[in-house]
Amino acid sequence: MKEKLGKEFFNRDIKIVAEELIGKLLVRNQFNGKIEKYRITDIEMYIGEEDLACHASKGRTARTEVMYADGGMVYVYLIYGMYWLLNIVTGCKGKPQAILIRGVVNIDGPGRVGRKLKLDKSFYGEDLTSSQRIWLEDDGFECTFARHPRINIDYAGDIWKNKLYRFVMIE
DNA sequence: GCAGTGATACAA
DNA sequence: TGTATCACTGCG
């Protein structure tokens, strides 16, 4: 049984959503009727303005605005001029939180995921609970995960760098 | 080990 | 206006 994840899934604290997001299916309707599904294996949490690794630590800007919305929105941005990274906004309105999708089955790396899904700036603010081209499903798959420090955030300082905010599925 | 690539944030 | 920086990848 497959169920599309709705607002009630995303509108919870990021730590709960993140734990349950591992093993869920990321679904992409690439073009007419061609639907692809990818199981999420690797994610990172970015939590609030006080998290120096989180883009919202710079406050509310055009780029971070969507993180302040309620859960279930897509936050995408271009990094290094080449890669669109996919993030999922969680929590309630006014609390900036987002989960970066670092990897899915057979696609290891956030930039590769974005390329495979053919993301672009038009996905900024897309609502995963009503979109016809990208959404999430629960197919009942169960798994466990390990916690690690986040990748490539040296600029955030030791306290935030060492937080175990990366969850990786154990095969 | 490091080049490539362009939006963004912030200084001036 | 200019410019430093960046939730990365794919070459060597």
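As the structure is a prediction and not an experimental result, all values here were calculated from the model.
- Within the nucleic acid shown, Ala53(A) comes within 4.0 Å of at least one base atom, counting heavy atoms only.
- Per the geometry, CZ belonging to Arg60(A) stands 20 Å off C1' belonging to dC10(B), to the nearest Å.
- The side chain of Arg102(A) places an N or O atom within less than 4.0 Å of a non-bridging phosphate oxygen (OP1 or OP2) of dC8(C).
- Ile99(A) places its CD1 atom 13 Å from the C1' atom of dA7(C), with the value rounded to the nearest Å.
- With distances taken from any side-chain atom of Met82(A) to the nucleotides dA7(C), dT9(C), dG4(B), the minimum falls on dG4(B).
- The pair Lys116(A)-Glu36(A) does not meet the salt-bridge criterion, since no charged nitrogen lies less than 4.0 angstrom from a carboxylate oxygen.
- Judged by the 6.0 Å distance and 45° axis criteria, Arg147(A) is not positioned over the aromatic ring of Phe145(A).
- In terms of phosphate contacts, Asn152(A) brings no side-chain nitrogen or oxygen within less than 4.0 Å of OP1 or OP2 of dA7(C).
- Residue Tyr80(A) contributes atom OH, which lies 16 Å from atom P of dT5(B) at whole-angstrom precision.
- Syn is the glycosidic conformation of dA7(C), whose angle stays within 90° of 0.
- dA7(C) atom P lies 11 Å from atom CG of Asn87(A), rounded to whole Å.
- Atom CZ of Arg150(A) is separated from atom P of dC8(C) by 12 Å (rounded to the nearest Å).
- Salt-bridge check for Asp13(A) with Lys95(A): failed, with every basic side-chain N at 4.0 Å or more from each acidic carboxylate O.
- dA9(B) atom P lies 8 Å from atom NZ of Lys58(A), rounded to whole Å.
- Pairing for dA9(B) is with dT3(C), a Watson-Crick or G-U wobble pair whose two hydrogen-bonding atom distances lie under 3.5 Å.
- OP1 or OP2 of dG10(C) has at least one side-chain nitrogen or oxygen of Arg115(A) nearer than 4.0 Å.
- The phosphate of dA7(C) has OP1 or OP2 within less than 4.0 Å of a side-chain N or O from Tyr155(A).
- A perpendicular orientation is assigned to the rings of Tyr75(A) and His55(A), their planes being inclined by more than 60° (bins at 30° and 60°).
- If you measure from atom NE2 of His55(A) to atom P of dC6(C), you get 9 Å, rounded to the nearest angstrom.
- Using a 4.0 Å heavy-atom criterion, one finds that Gly111(A) contacts the sugar-phosphate atoms exclusively.
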*asked:* Between Glu44(A) and Arg102(A), is the salt bridge (Lys or Arg N to Asp or Glu O under 4.0 Å) condition met? List the steps.
replied: CA-CA 7 Å; Glu44(A) 282 178 4; Arg102(A) 288 200 68 84; 3.2 Å; yes
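- In this structure, CZ of Arg63(A) is placed 12 Å from P of dA7(B), rounded to the nearest angstrom.
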